[in-house]
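Structure, as structure tokens:
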Amino acid sequence: KARWLAFFQVFVEVKGRPFKRNQDMVLRILLEDRDVLLDVTCDYSKSDYLPKSDERYGKARVDLMAEGEHKRRVGSLLKYHYTSINLLALCAAGKNPGAKPKIFPIVDFDTVVDHILDMDRRADGSKVEIKDCDALHYIKLAWTRLMRHVYLTAHDTVAVKKVQKCKRLWFTVGKEGGAGLVGEFQAAVQLLRGRLEALPDGEWQLANSEGLQPLGNVEDSLGTDLGCHVAYVEEVMEAATSFYGRTELYEEAIVASKG
């Protein structure tokens, strides 16, 4: 259950700040039995961990998002997936350079980028219509946080090289082409601006006076949780700051993406 896994998050942060000793302890527990404890794919098309009698058996993450499975009060597979990725991110947060490389074998940088950009696609590249865009934002939030804490803030030579060689930072490769990770970030911010501007005056004034948290209960024609979109964009801005603040990460990447 996601609540059980989220229990570890209480220990990796103390007063909102990463606590290295506890980060290392929790990460060690997770890695010792990661196939059982962590769900980094949320693919139940053929799963040994879900009974065939379960209505979700045989479905991939994109199917669960299209169905709004993350809204289940108990036993949500999407929530467990989110919590798995988010917990890994928190274990690598802050000044803990030793934790970051331990996560490299679980999720390569290219894999992280693929998850963010291809979240609404099946394995064959076909696109799935997801009417609730906040279902996408919910999962993208965790993956973007993982990317920031594990790779974008790492000074490990291996991590830097992985970012530099990624060809999907600026443009996508294959599928339909178009904007890459940077374009995804820009689109997320622009979409949020449009959603906020479309709010009734009363709700917008409430958001301005009390912060953006009240928007968590706001629905519109695009999604069911505007607050989740806000949280995703906040994480996007943190990731963008980490990325653009280190020119060594993208100078070679620009050349690689055009090559």
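For the residue pair S126 and D124, the shortest heavy atom distance occurs at OG-OD1, 2.7 Å. Of all non-hydrogen atoms in K46 and Y57, the two that sit nearest each other are CA-OH, 4.1 Å. The two residues L78 and C42 come nearest to each other via the heavy atoms CD2-SG, 3.8 Å. Residues C166 and V113 come closest through the heavy atom pair SG-CG2, 4.1 Å. Of all heavy-atom pairs between Y80 and V36, the closest is OH-O, 4.3 Å. Of all the heavy atoms in C91 and V12, the pair that sits closest is SG-CG1, 4.2 Å.
Contact of the L249 side chain with the Y244 side chain is not registered, since no non-hydrogen atoms from C-beta on lie closer than 4.5 Å. No side-chain heavy atom of N22 sits less than 4.5 Å from a side-chain heavy atom of F8. By the 4.5 Å heavy-atom criterion applied to side chains, M237 and F185 are not counted as neighbours. K162 is not listed as a side-chain neighbour of D110, based on a closest heavy-atom distance of 4.5 Å or more. For the pair L88/L27, a side-chain contact is recorded, criterion being any heavy-atom separation below 4.5 Å from C-beta on. Side chains of F109 and M147 form a contact here, defined as non-hydrogen atoms less than 4.5 Å apart. Using a 4.5 Å heavy-atom cutoff, the side chains of P18 and L90 are not in contact. Side-chain contact between Y232 and L192 is absent, with no heavy-atom pair separated by less than 4.5 Å.
Side-chain contact of E69 with S76: a donor-acceptor pair under 3.5 Å is present, judged by distance alone.
Note: W170 and Y250 have perpendicular aromatic rings, judged against thresholds of 30 and 60 degrees for the angle between ring planes.
Rounded to the nearest 0.5 angstrom, L222 CG and D132 CG are separated by 9.5 Å. The line from OH of Y138 to NE2 of H70 is 7.5 Å long, rounded to the nearest 0.5 Å. Interatomic distance, I116 CD1 to T144 OG1, rounded to the nearest 0.5 Å: 4.0 Å. Taking CE of M65 as the start and SG of C133 as the end, the distance is 12.0 Å to the nearest 0.5 Å. The line from CZ of R61 to CG of L77 is 12.5 Å long, rounded to the nearest 0.5 Å. Note that CG of D220 and CG of D225 are 10.5 Å apart. Values are rounded to the nearest 0.5 Å.
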Stepwise side-chain contact (heavy atoms from CB on, under 4.5 Å) check, I106 with L31:
CA-CA 9 Å; I106 302 177; L31 296 183; 3.1 Å; yes

What's the verdict on salt bridge (charged side-chain N to carboxylate O under 4.0 Å, His left out) for R17 and E13, showing C-alpha distance, side-chain angles and the deciding distance?
CA-CA 5 Å; R17 295 185 177 184; E13 291 184 329; over 6 Å; no

Where do N86 and L146 land on the side-chain contact (heavy atoms from CB on, under 4.5 Å) test, with the steps shown first?
CA-CA 7 Å; N86 192 60; L146 178 72; over 6 Å; no

Working for salt bridge (charged side-chain N to carboxylate O under 4.0 Å, His left out), residues K140 and E184
CA-CA 11 Å; K140 286 183 179 182; E184 156 67 23; 3.2 Å; yes

Check the pair Y151, V160 against side-chain contact (heavy atoms from CB on, under 4.5 Å), reporting the backbone distance first and the verdict last.
CA-CA 7 Å; Y151 288 102; V160 172; over 6 Å; no

side-chain contact (heavy atoms from CB on, under 4.5 Å) for V128 and D120? Distances and angles first, verdict last.
CA-CA 6 Å; V128 176; D120 60 349; 5.5 Å; no

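Within a 6.0 Å sphere centred on CG of D33, other residues, nucleotides and ligands contribute more than 12 heavy atoms.
H81 places a side-chain N or O within donor-acceptor distance of the main-chain N or O of D39, the cut-off being under 3.5 Å. In terms of modelled atom types and a separation under 3.5 Å, the side chain of S45 and the main chain of K59 share no donor-acceptor contact. Although no hydrogens or angles enter the test, the distance criterion places no donor-acceptor pair under 3.5 Å between the side chain of D134 and the main chain of H137. The main-chain N or O of R28 is never found under 3.5 Å from a side-chain atom of K102 such that the two would form a donor-acceptor pair.
In the hydrophobic clustering of ILVMFWY residues, with side-chain heavy atoms under 4.5 Å counting as a link, V150 and L37 come out together. One hydrophobic cluster, built from ILVMFWY side chains closer than 4.5 Å, cannot hold both F19 and L5; they sit in different ones. V14 and F7 fall into different hydrophobic clusters, where Ile, Leu, Val, Met, Phe, Trp and Tyr residues are linked whenever their side-chain heavy atoms come under 4.5 Å apart, directly or through other members. Transitive grouping of hydrophobic side chains (ILVMFWY, heavy atoms separated by less than 4.5 Å) keeps L199 and L191 in distinct clusters.
Partner N96 forms a side-chain hydrogen bond (donor to acceptor under 3.5 Å, both in side chains) with one of R21, H149, Q23 and no other, that one being Q23. Among the candidates E238, R246, R148, K100, the single residue satisfying the side-chain hydrogen bond (donor to acceptor under 3.5 Å, both in side chains) test with T153 is K100.
Here D118 pairs with R168 in a salt bridge; the nearest charged N to carboxylate O distance falls below 4.0 Å. Taking a cutoff of 4.0 Å between a charged side-chain nitrogen and a carboxylate oxygen, D54 and R56 qualify as a salt bridge. Taking 4.0 Å as the cut-off between side-chain N and carboxylate O, E129 and R122 do not count as a salt-bridged pair. With respect to the salt-bridge test (charged N to carboxylate O, under 4.0 angstrom), the residues K20 and D24 qualify.
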